[in-house]
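This report concerns only the one structure given below.
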Amino acid sequence: MTSVSLLGPGDEPIVLGVTTPATPVRVPTTRRYLMCPPEYFTVEYAINPWMDPTQPISTSLAVQQWTDLKDTYERLGHKVDLIEPQPGLPDMVFSANSGTVIDGQVLGSRFRAEQRAAEADHFRRWFLANGYTNVVMPERTNEAEGDFTWTGKYLLAGTGFRTDPLAHSEAQEVLGVPVISLQLVDPRYYHLDVALFVLADDLVAYYPEAFSPGSQRVLRRLFPDAVIATAEDAECLGLNAVSDGRHVVLPVEATHLAEEVAKRGFEPVFVDISELRKSGGGPKCCTMELRD
Ligand code: ARG
């Protein structure tokens, strides 16, 4: 075989196939979030392994950290709506658990723990008072965006600790979106949103060990390019992050995960959420996305 050289005298040879692909440019989209100030936040019962009612809690520190989170969203150009906190509902700050909104259709929540049950109706009334006309309350235990994550194409749905698997088909019927059930197996990662988050359409980050072997295979098949989180990333609730398609708001301890997402072209934005973590929550738990 003869090889033909296209190089003229003095030309630099061009070596094909060894250049690294350029990091994609990530474009943010403006979001609308619903948050609840942690005015009555405390840890007075234990419904997940993070909660220890004997440890001291500073409500004022929680309010300060939560306010920083809200300010961060606003600085990034997002709109934050607020719901009035209620005395006696210390976990109401975790607004992600109270509704799943896709294309203006609302599916409310039904909590597993009786201590949180009353939160669902406060949110139902908020939706009705704020212009939502399609509001359906679920029959089955359904902790909303705690266990439901919208990828833009599929609704990933966790079960194992909180949300009833039958709530998955209920969500598919009410929201009219394809639902993919995933089995959670580690009690520390009792909600899907502490084990996985969406970075951008078709790109997620997750901690494989939080899922059953079959669900790990599903995730590998759906998201072959996913960012794979380490045990350390998961243990600071690093996966409880919020992406707008470019900026990724995540706990300040999640340094390794931040490096990984930065390699993919995202911009990590750190927040300190340590006080709310004592209840098993992070940035995402405090943030319900309103997809109108
Ligand atoms: N203490 C709350 C509970 O156990 C924390 C909820 C966190 N929310 C979330 N979306 N993961 O229910």
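On a predicted model such as this, the values are computed, not experimentally measured, just so you know. In this chain, residues are counted from 1 in sequence order. Remember, it's 1-based here, ligands and their atoms both numbered in the order they're listed.
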Basic-acidic side-chain contact under 4.0 Å: Lys70, Glu74: yes

Does anything in residues 92-115 form a side chain to side chain donor-acceptor pair (under 3.5 Å)? List the pairs, not counting sequence neighbours. Asn97-Arg116

Return the set of residues passing ring pair (Phe, Tyr, Trp, His ring centres under 6.0 Å) with His78 (not counting sequence neighbours), or none when no residue passes. Tyr33

Would you please write out the protein residues whose heavy atoms approach any atom of ligand 1 to under 4.0 angstrom, listed by chain and number? Ile47, Asn48, Met51, Asp91, Phe94, Asn97, Arg116, Gly146, Arg162, Tyr190, His191, Asp193, Ser279, Gly280, Cys285

In terms of side-chain geometry, is the basic nitrogen of Asp71 or Arg75 positioned less than 4.0 Å from the acidic oxygen of its partner? no

Would you mind listing every salt bridge (Lys or Arg N to Asp or Glu O under 4.0 Å) that reaches into residues 199-222, with sequence neighbours excluded? Lys153-Asp202

Classify the angle between the aromatic ring planes of Tyr132 and Trp126 as parallel (below 30°), tilted (30 to 60°) or perpendicular (above 60°). tilted

